Amino acid sequence: MSVAPDTTAFAHALGAAVSRVHLPGSAGYAELTATYNLCTRLTPLAVVEAQTAQDVAAAVRVAGEHGVPVGVQSTGHGPWATMAGALLVATCGLDGLMVDPVSRVARIGAGVRWSAVIEAAAPHGLAPLCGSSPSVGVVGLLTGGGHGPLARTYGLSADRVLSFDVVTGDGVLRRASATENPDLYWGLRGGKGTLGIVTALELELVHQPEVYAGAVWFDAPDVPAVVRTWAQWSQLLPDQGTTSIAVMRLPAMPGVPPMLAGRTSVSVRFAWTGDPAVGEELLRAIRSVAAPLVDLVAVRPYAEIGIVHSDPEDPMPAVETHLLLEAFDAAAADQLLDLVGPQAATTQLMVEVRRLGGAVTTPLRGESVLGHRDAQWTVLAIGLGIPEIADLVRADARRIVDGLAPWRRPGALPNFHAGSGPDWALRVFGEDGARRLREVSLRYDPDGVLLGSRNVRDLPVGAATVATVEEELVLGA
Ligand SMILES: Cc1cc2nc3c(=O)[nH]c(=O)nc-3n(C[C@H](O)[C@H](O)[C@H](O)COP(=O)(O)OP(=O)(O)OC[C@H]3O[C@@H](n4cnc5c(N)ncnc54)[C@H](O)[C@@H]3O)c2cc1C
């Protein structure tokens with residue numbers, strides 16, 4: 001039987017254990033519970049603004065003693081639960097960052113964003129493997145794998161982690177690496193916040209001072225030809241190239257260039273890590289389809305990698321839908337055009353198909369929990385989640401999921417599918433991964449103090465497999 005916590009006693013105990021506690025109604029609480037997806041509003045009992053790893057450990061211990069579950073947030077780019085009735089540990093104060101250019105390793109606090117690491121590594125010609133948006137948090141992204149713009153060359157961000165400092169649900173600060181607590185090391189690289197609150201990590205950097213990268217945009221009449229060409233072209237792309245295609249319907253709003261606003265367009269995103277002349281030659285197949293609206297692909301310092309996706313910086317309410325595909329062949333391209341091409345009636349602002357494969361398929365430092373490494377294609381649709389149209393957007397997203405069913409493979413990537421519960425866990429970790437995560441979680445968090453641990457606690461017994469779990473791929477609003 002669970003007993004409702006005595007919140008006054010809890011707040012007192014927290015205040016005695018850590019220096020910065022924010023309660024509902026305070027400015028600090030509002031700031032630290034803010035999210036990038038405005039559809040998910042966080043309402044925890046209290047927020048601990050951690051300044052040290054010891055703060056995190058103390059907060060987890062106090063919460064455990066009072067029967068209060070603990071969630072974690074850094075930048076708010078990936079909220080998956082409201083945290084009602086929970087304690088939120090905010091890590092943005094853990095902002096330590098050191099780059100060692102000789103060993104090519106960065107030591108990174110849990111509150112650091114990729115943009116800061118990119119900036120610190122750049123003078124040494126080094127690059128951290130970030131995702132599409134440098135504003136995202138390092139730990140949040142790589143605990144979910146981290147499929148970035150150079151993924152097909154260098155693999156996933158998680159594969160570059162040498163060690164984690166992590167507070168487990170029993171309130172103990174531990175180190176996890178290939179040789180220390182290897183079960184935690186296995187589960188933190190892809191298991192999101194299931195096993196602990198990471199306080200810092202050591203990340204290997206790659207030598208990539210410059211990259212031939214950017215995006216080429218085409219207007220509505222050219223969308224069909226570009227999508228069809230890209231479907232063939234991306235199959236043949238060597239691993240030095242990473243690419244995606246996004247059919248966009250961008251509204252006229254701040255941050256959207258006027259020539260892209262209020263029309264259907266398609267953006268081919270491309271990053272090439274090899275000889276730029278070869279990358280340019282390869283991209284000719286795309287550039288020659290039609291005259292681009294905008295062409296931003298050029299040799300750039302890695303520090304400009306965010307331009308490949310040009311993700312919006314400002315928070316918005318979003319309905320997000322993600323699925324994996326076995327193939328994206330000519331028939332799939334035609335189907336995508338029927339579903340979201342210039343003639344289609346869709347409410348999605350963006351539907352992106354990313355080419356995976358290459359180095360993504362091979363774990364670099366031993367096995368990790370991250371599943372679906374062999375998936376070759378991933379789809380992400382984003383629509384506006386404002387109450388007036390959210391139902392329409394969700395129905396439209398289901399139409400797209402159904403339409404792509406012949407090419408779908410079961411499962412999802414945790415970073416693109418911010419759900420919760422046992423069905424979610426089976427979908428993103430697979431049955432073996434979810435059950436092993438549960439075992440590790442029981443070892444380090446026997447009382448299930450971490451909110452993330454609860455996703456693997458109530459896994460169905462028996463023959464449930466990822467393929468039989470009913471799929472709810474449309475999230476938000
Ligand atoms: C604009 C945008 C672009 C994106 N592009 C990509 C991409 O290219 N590739 C990709 O793989 N993903 C991408 N993502 C998804 C992103 O990686 C996840 O949403 C990630 O969880 C965000 O991490 P955060 O720390 O910034 O967000 P937060 O909301 O602060 O954290 C999200 C979750 O990360 C986990 N987490 C955060 N900090 C810790 C910690 N200290 N210890 C343990 N767990 C922690 C927790 O589960 C937490 O709930 C993108 C998201 C956005 C919004």
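Residue numbers start at 1 and run along the sequence shown. When a ligand or atom number is given, it counts from 1 through the structure's own listing order. Here the structure is a predicted model, which is why all the values come from computation and not from measurement.
Residue G196 has at least one heavy-atom neighbour below 4.0 Å for each of these atoms of ligand 1: 42 (N), 43 (C). In the vicinity of P79, heavy-atom distances shorter than 4.0 Å reach the ligand 1 atoms 29 (O). Near Q73, the atoms of ligand 1 lying under 4.0 angstrom from a non-hydrogen atom of the residue are 29 (O), 30 (O). Each of the following atoms of ligand 1 lies closer than 4.0 Å to a heavy atom of I197: 42 (N).
Below 30°, between 30° and 60°, or above 60°: for H417 and H322 the angle between ring planes is between 30° and 60°, a tilted geometry.
At least one heavy atom of R354 lies less than 4.0 angstrom from ligand 1. Put simply, part of G76 is less than 4.0 Å from ligand 1, judged by heavy atoms. Ligand 1 lies within reach of G146, whose nearest heavy atom is under 4.0 Å from it.
Listed here is the closest heavy atom pair of W217 and S265: CE3-OG, 3.7 Å.
Between E431 and R435 there is a salt bridge, since at least one side-chain N of the basic residue sits less than 4.0 Å from a carboxylate O of the acidic one. A salt bridge does not link E320 to R394: none of the charged side-chain nitrogens sits closer than 4.0 Å to a carboxylate oxygen. Taking the charged nitrogens against the carboxylate oxygens, R454 and D445 have no contact shorter than 4.0 Å, which rules out a salt bridge.
K192 and N455 share no side-chain donor-acceptor pair at under 3.5 Å. No hydrogens or angles considered: a donor-acceptor pair under 3.5 Å links the side chains of T153 and T273. Checked by atom type, the side-chain pair E180/Y185 shows no donor-acceptor distance below 3.5 Å. Between the side chains of D311 and S132, at least one donor N or O lies within less than 3.5 Å of an accepting N or O. Counting only N and O atoms by type, the side chains of T347 and D396 include a donor and acceptor under 3.5 Å apart.
Considering both main-chain and side-chain atoms, K192 comes within under 3.5 Å of ligand 1 through a nitrogen or oxygen pair. Taking only nitrogen or oxygen atoms, main chain and side chain alike, H77 reaches within less than 3.5 Å of ligand 1.
Nearest to atom 35 (C) of ligand 1 by heavy-atom distance, out of A200, G144, S157, G140, is G140. By heavy-atom distance, the residue among A110, S132, G131, G111 lying nearest atom 5 (N) of ligand 1 is S132. Selection from G78, C130, A50 by nearest heavy atom to atom 32 (C) of ligand 1 gives G78.
Among protein heavy atoms, the minimum distance from atom 49 (O) of ligand 1 is reached at W80 NE1, 3.0 Å. When hydrogens are left out, the protein atom nearest atom 52 (C) of ligand 1 is V136 CG2, 4.0 Å; that is the closest non-hydrogen contact.
Contacts with ligand 1 closer than 4.0 Å are made by heavy atoms of both the backbone and the side chain of L141. Residue contacts with ligand 1 for V139 involve side-chain atoms from C-beta outward but no N, CA, C or O (heavy atoms, distance under 4.0 Å).
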